[in-house]
Amino acid sequence: MKATLIISVYKDVKALHAVLKSLEHQTESNFEVIVSQDADDSCFDELIAQFQSLFTIRLIQQEDKGFRKNKMLNQAIRESKTAKLIFIDGDCVLHKRFIEQHIKLLKPNHFCVGRRVDLDSKTSAAIKIGEIITPTFSTMYKNKTTRIEESFFLPGFMRKNKPKLLGCNMSWNKSDLLRLNGFDETYETPGFGEDTDIEFRAKKAGIIPFSTRFRTIQYHLFHERPSREDQVSISKALFFERKKREDFRCQKGLETLIS
């Protein structure tokens, strides 16, 4: 297999079903899937069984004790069987060339950074009930999808600006994640720590970000966004404290290190 696709989920079965349907249409089929659930609920069991005949897929879980996404990401890294790891969220439907492009563009000592289209509620509903797999430009334009420009597939595009990491659309060499000691498990509030922290540490280690904008396209399904200002402020405070460390490895990640 050429890559492992790691999908972070909680309990949204309809969204994950839409994501897995988009995997059926990938131009690159030589990959495995790890569904990484930050809970121990049985809601995905039937869904995973439906797709096991189509591609290699397995579900990993942990006890539901609050936001511990990074802990599950580290477990997925441990269980992955390939050298290239692609990370998405369980509400991001994929363009048919998404996996192909991540595999092609991820080079040694680099990590890939993509963007996403933020779908409107009407288009998202159509995807969730199976009317469409991925949306057309005209549908998104008519329904007032935002960041619609991120849906353009321009394989010859090269972005010169420094890309900002999004945890829902990134790929890494497994060897680099091992070098960084994976994701920092001390972040236990959403909205900041899982991507900003590892991006900072990777750059500190000399691992270079590479923009895959207009090549690794994904469509984020609409959902209501609760206010997370208090939680984000906790993660930000922790991040600025962590930035003072000289070591690019986190202390609680794939391994627990002694300071």
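For this chain, numbers begin at 1 and follow the sequence in order. Note that the structure is a prediction, hence the values are computed from the model and not measured.
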| query | Centroid-to-centroid, Phe87 to Phe183, below 6.0 Å? | reply | yes

| query | Do side-chain atoms of Glu28 reach the backbone of Asn30 as a donor and acceptor pair under 3.5 angstrom? | reply | yes

| request: Over 60° means perpendicular and under 30° means parallel, so classify the ring planes of His223 and His220, tilted if in between. | output: perpendicular

| Side-chain donor/acceptor of Thr136 to backbone N/O of Thr139, under 3.5 Å | yes

| field | Candidate pair Asp45 and Leu59, rule side-chain contact (heavy atoms from CB on, under 4.5 Å), full reasoning | value | CA-CA 8 Å; Asp45 291 353; Leu59 173 68; 3.9 Å; yes

| remark: Distance col, row Met140:CE vs Asp118:CG, nearest 0.5 angstrom, shows 11.5 Å

| query | Please walk me through it: do Ser151 and Ile148 pass side-chain contact (heavy atoms from CB on, under 4.5 Å)? | reply | CA-CA 6 Å; Ser151 68; Ile148 194 171; 4.1 Å; yes

| request: Step by step, work out the salt bridge (charged side-chain N to carboxylate O under 4.0 Å, His left out) result for Asp247 and Arg249. | output: CA-CA 5 Å; Asp247 199 344; Arg249 298 170 299 167; 2.6 Å; yes

| What residues form a ring pair (Phe, Tyr, Trp, His ring centres under 6.0 Å) with Tyr219, not counting sequence neighbours? | none

| Is the closest side-chain heavy-atom distance between Tyr187 and Phe67 below 4.5 Å? | no

| request: Would you give the length of the straight line joining atom OG1 of Thr216 to atom CD1 of Ile99, rounded to the nearest 0.5 angstrom? | output: 11.5 Å

| Over all atoms of both residues, closest heavy-atom pair of Lys11 and Ala39 | CE-CB, 4.2 Å

| request: Establish, from distance only, whether the side-chain atoms of His102 and Asn169 form a donor-acceptor pair under 3.5 Å. | output: yes

| task | With side-chain contact (heavy atoms from CB on, under 4.5 Å) as the test, would you mind laying out the steps for Leu119 and Ile127 before giving the verdict? | result | CA-CA 10 Å; Leu119 293 175; Ile127 292 174; 3.6 Å; yes

| Neighbour count >12 (heavy atoms, 6.0 Å) for atom NZ, Lys204 | yes

| Can you get from Ile207 to Ile198 by hopping between Ile, Leu, Val, Met, Phe, Trp and Tyr side chains that sit under 4.5 Å apart? | yes

| query | Between Val113 and Ile88, is there a shared hydrophobic cluster once you connect ILVMFWY residues whose side-chain heavy atoms come closer than 4.5 Å? | reply | no

| field | Backbone of Asp38 reached by a side-chain donor or acceptor of Arg68 within 3.5 Å | value | no

| Just wondering, more than 12 heavy atoms not from Glu149 lying within 6.0 Å of its CD? | yes

| message | Can a side-chain donor-acceptor contact be found between Asp41 and Tyr10 if the only test is distance below 3.5 angstrom? | response | no

| field | Pair Phe248-Leu180, side-chain contact (heavy atoms from CB on, under 4.5 Å): steps then yes or no | value | CA-CA 6 Å; Phe248 53 74; Leu180 295 170; 3.8 Å; yes

| Donor-acceptor contact below 3.5 Å, side chain Ser22 vs main chain Val19 | yes

| message | Looking at Leu20, is its backbone amide N or carbonyl O close enough to the side chain of Glu24 to form a donor-acceptor pair, meaning the two atoms are under 3.5 Å apart? | response | no

| Between CD on residue Glu100 and NZ on residue Lys2, distance to nearest 0.5 Å | 9.0 Å

| query | Does the salt bridge (charged side-chain N to carboxylate O under 4.0 Å, His left out) test come out yes or no for Asp197 and Arg242, once each step is laid out? | reply | CA-CA 8 Å; Asp197 175 84; Arg242 293 287 185 270; 5.9 Å; no

| request: State, to 0.1 Å, how close Ile34 and Ala76 come at their nearest heavy-atom pair, and which atoms those are. | output: CD1-O, 3.6 Å

| query | Hey, what do you get for CG (Asn173) to CZ (Phe111), rounding to the nearest 0.5 Å? | reply | 11.5 Å

| said: Would you say that more than 12 heavy atoms from the other residues, nucleotides or ligands in this model lie under 6.0 Å from the CZ of Arg78, or not? | reply: yes

| request: Taking Ser124 for its side chain and Asp120 for its backbone only, find out whether a donor-acceptor pair lies under 3.5 Å. | output: yes

| query | How many angstroms lie between atom CD1 of Ile60 and atom CD of Glu79, to the nearest 0.5 angstrom? | reply | 5.0 Å

| Geometric class of the Phe153/His95 ring pair [parallel <30°, tilted 30-60°, perpendicular >60°] | parallel

| query | At what distance, to the nearest 0.5 angstrom, does CD of Gln61 lie from CD of Glu63? | reply | 11.5 Å

| message | I want to check something: taking the side chain as every heavy atom from C-beta on, are Leu94 and Leu5 in contact at a cut-off of under 4.5 Å? | response | yes

| Taking the six-membered ring of Phe210 as reference, does the NZ or CZ atom of Lys107 fall below 6.0 Å from its centre and within a 45° cone about the axis? | no

| For the hydrophobic clusters of this structure (ILVMFWY residues joined by side-chain heavy atoms under 4.5 Å, transitively), does one cluster hold both Met72 and Val13? | no

| note | Between Asn70 and Asp184 the two heavy atoms that sit nearest each other are ND2-O, 2.7 Å

| If you take all heavy atoms of Ser8 and Leu73, which pair is closest and at what distance? | OG-CD2, 3.4 Å

With a cut-off of 3.5 Å and sequence neighbours excluded, list every side-chain donor-acceptor pair involving residues 48-57.
none

| query | salt bridge (charged side-chain N to carboxylate O under 4.0 Å, His left out) with Glu150: which of Arg215, Arg213, Arg116? | reply | Arg213

| query | Do any N or O atoms from the side chain of Asn109 and from the backbone of Ile208 form a donor-acceptor pair under 3.5 angstrom? | reply | no

| Does Ser36 use its side chain to pair, donor to acceptor, with the backbone of Ile7 at less than 3.5 Å? | no

| Donor-acceptor pair, His110 side chain versus Pro108 backbone, under 3.5 Å? | yes

| field | Flag side-chain contact, heavy atom, 4.5 Å: Leu47 against Val35 | value | no

| task | Write down the atom of Lys128, the atom of Asp12, and the distance for their closest heavy-atom approach. | result | NZ-OD2, 3.6 Å

| remark: Residues Gln37 and Cys43: closest non-hydrogen pair is NE2-SG, 3.8 Å

| Heavy-atom distance under 4.5 Å between the side chains of Leu165 and Pro209, does that happen here? | no

| Got a sec: does the NZ of Lys65 have more than 12 other heavy atoms crowding it under 6.0 Å? | no

| query | Arg58 and Glu32: salt bridge (charged side-chain N to carboxylate O under 4.0 Å, His left out), yes or no, with the steps? | reply | CA-CA 9 Å; Arg58 62 188 183 278; Glu32 66 169 350; 2.9 Å; yes

| task | Check whether any side-chain heavy atom of Ile86 sits under 4.5 Å from a side-chain heavy atom of Phe31, and report yes or no. | result | no

| query | Heavy-atom distance under 4.5 Å between the side chains of Asn74 and Glu185, does that happen here? | reply | yes

| Is a donor on one side and an acceptor on the other found under 3.5 Å between the side chain of Asp91 and the backbone of Leu221? | no

| task | Tell me whether Leu154 is reachable from Ile217 by hopping between hydrophobic residues (I, L, V, M, F, W, Y) whose side-chain heavy atoms are closer than 4.5 Å. | result | yes

| task | With sequence neighbours excluded, give me every side-chain hydrogen bond (donor to acceptor under 3.5 Å, both in side chains) pair touching residues 80-89. | result | Thr4-Thr82, Lys69-Asp89, Ser80-Lys174

| query | Are the side chains of Arg147 and Arg115 in touch, meaning some heavy atoms are under 4.5 Å apart? | reply | no

| request: Indicate, with yes or no, if the rings of Phe152 and Phe137 have centres closer together than 6.0 Å. | output: yes

